[in-house]
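Data first, discussion second: the structure below is written as structure tokens.
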Protein chains: 2
Amino acid sequence: MRAVAGELGVEAMSLYRHVDSKEALLDGVAEQLMGEIEPRGVSSDWAEAVRGFASSVRGLAREHPQAFTLLGMRALASASALQPVEDLLASLRAGGFTPARAVAAYRAVAAFTRGYALSEVAGFALDEGSLGADTLGDRFPTIRALSRHLASEPNQGSFRAGIELIISGLSAERER
Amino acid sequence: MRAVAGELGVEAMSLYRHVDSKEALLDGVAEQLMGEIEPRGVSSDWAEAVRGFASSVRGLAREHPQAFTLLGMRALASASALQPVEDLLASLRAGGFTPARAVAAYRAVAAFTRGYALSEVAGFALDEGSLGADTLGDRFPTIRALSRHLASEPNQGSFRAGIELIISGLSAERER
DNA sequence: ACCTGAACACCGTTCAAGT
DNA sequence: ACCTGAACACCGTTCAAGT
């Protein structure tokens with residue numbers, strides 16, 4: 001609070017005229033962050049809407065890695081934070097998903113995206129350097145054998161592959 | 001630190017004999033938490049290994065919701081935290097995934113699981129009560145229409161559905 | 001209405017000193 | 001080797017008082 005106030009050229013106590021507590025202020029930051037996602041409207045292609053939602057959220061994480069952490073364990077319910085959710089759900093419904101399946105699809109996409117973005121911000125950190133190579137070889141032969149792949153930069157590819165996996169699963173489900 | 005020390009019947013400064021800082025202590029808690037997952041060994045059924053990994057991690061979140069938050073933004077690399085990862089990767093390799101595809105599959109599963117568990121701990125909070133019903137109806141018609149489904153308790157079903165989606169996507173990919 | 005001084009009850013951490 | 005007293009430089013927050 002003191003730092004924020006300092007940035008505004010004011011004393012810490014002044015902030016309490018405008019927010020109830022530090023936690024409420026951080027809630028506001030998180031909502032503001034989600035509000036940065038530019039609305040895409042309802043897409044006629046549900047898979048494209050999934051890709052758009054996911055890459056928008058990941059973009060937030062890359063632009064504001066510190067603040068993104070706040071989204072990790074907060075349930076947002078402000079108007080600005082809900083627009084992207086509305087658009088995605090509407091696209092899924094328009095794409096032929098039943099209400100129950102649209103919600104399930106949304107949750108799967110949101111969970112993957114949130115988890116991936118947080119992992120990326122934290123650093124995946126399974127490269128060979130971060131462990132004693134000896135115990136690694138003995139106890140974790142597979143991790144050792146795959147260390148080259150695990151160490152590769154968390155890149156666009158690995159993220160895209162994940163959402164395509166989910167989209168592929170959703171397509172299969174939709175056809176049944 | 002003062003609270004932890006109190007729990008141990010000791011003064012706060014004593015802890016610094018054993019840990020470098022509060023952050024290091026929290027790293028230790030996170031690693032201990034992951035270490036609570038009982039090893040399942042290498043499964044001959046990769047899909048079953050995916051289900052086991054995912055439900056183990058989610059079980060952690062439900063048993064220790066507060067501590068689980070620590071996993072949200074930490075990259076773990078301790079031996080105890082790596083055993084479940086080793087087992088899953090080994091099962092995927094044994095199941096016929098190439099090194100690159102096994103790593104991609106692991107990342108997708110881990111990201112979804114982490115994201116879902118964190119959302120569940122935070123509370124999904126998209127029920128009708130958490131928003132002014134008026135603005136909801138006007139600006140977010142789809143959320144409003146789906147509010148009954150969105151409000152439903154984050155249950156076993158919604159989680160299972162998500163991993164089955166990923167497993168289904170992985171199966172399709174594996175066959176290509 | 002908005003800001004501030006002074007104060008309260010805390011933090012994590014260091015360091016010299018104790019046993 | 002392990003613990004502690006005292007102290008430092010901080011926190012978030014309240015409240016009466018200022019303009």
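Each chain gets a letter, A, B and so on, in the order its sequence line appears, and its residues count up from 1. The basis for the numbers below is simple: all heavy atoms, side chains too, and nothing from hydrogens, waters or symmetry mates.
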TODO: Answer whether the closest heavy-atom distance between the side chains of A/D20 and A/L25 falls below 4.5 Å.
DONE: no
Open item on the list: Could you check whether any side-chain N or O of B/R2 sits under 3.5 Å from a backbone N or O of B/G6, counting only pairs where one atom can act as donor and the other as acceptor?
Closed with: no
Open item on the list: Please confirm whether the shortest side-chain N or O distance from A/S14 to OP1 or OP2 of C/dT4 is below 4.0 Å.
Closed with: yes
- [ ] Starting from C1' on C/dG12, measure out to CG on B/L26 and report it in whole angstrom.
- [x] 12 Å
Open item on the list: Using whole Å, what does the distance between atom P of nucleotide D/dC15 and atom CZ of A/R17 come to?
Closed with: 12 Å
Task: Given A/F53, A/F97, A/Y106, the one that forms ring pair (Phe, Tyr, Trp, His ring centres under 6.0 Å) with A/W46 - done: A/F97
Task: Polar side chain donor-acceptor pair, A/E86 to B/T142, under 3.5 angstrom - done: yes
- [ ] Search all heavy atoms of A/L71 against all heavy atoms of A/R114 and return the closest pair with its distance.
- [x] O-NH1, 3.1 Å
Open item on the list: Output the rounded distance in Å from CE (B/M13) to P (C/dC11).
Closed with: 12 Å
Task: Comparing B/S21 and A/E11 on DNA chain C - which has the more 5′ nearest nucleotide - done: A/E11
TODO: Grab the CG-C1' distance between B/L25 and C/dT13 for me, whole Å please.
DONE: 14 Å
- [ ] Tell me the stems DNA chain C sits in, counting at least three consecutive Watson-Crick or G-U wobble pairs, each under 3.5 Å on both distances.
- [x] C:4-8 with D:12-16, C:12-16 with D:4-8
Open item on the list: Once you measure the plane-to-plane angle for A/Y116 and A/F159, does it fall in the parallel (<30°), tilted (30-60°) or perpendicular (>60°) bin?
Closed with: tilted
Task: Whole angstrom value for the distance that separates C1' of D/dT4 from CG of B/L15 - done: 12 Å
Open item on the list: Taking 4.0 Å as the cut-off, does a side-chain nitrogen or oxygen of B/H18 come that near to OP1 or OP2 on D/dC3?
Closed with: yes
Task: Spacing of A/E23 atom CD relative to D/dC11 atom P, expressed in whole Å - done: 17 Å
TODO: Please state how far atom CZ in B/R2 lies from atom P in D/dA6, giving the value in whole angstrom units.
DONE: 14 Å
TODO: Following the transitive rule for hydrophobic clusters with a side-chain heavy-atom cut-off under 4.5 Å over Ile, Leu, Val, Met, Phe, Trp and Tyr, establish whether A/M73 and A/L118 coincide in one cluster.
DONE: no
Task: Spacing of A/Y16 atom OH relative to C/dC8 atom C1', expressed in whole Å - done: 13 Å
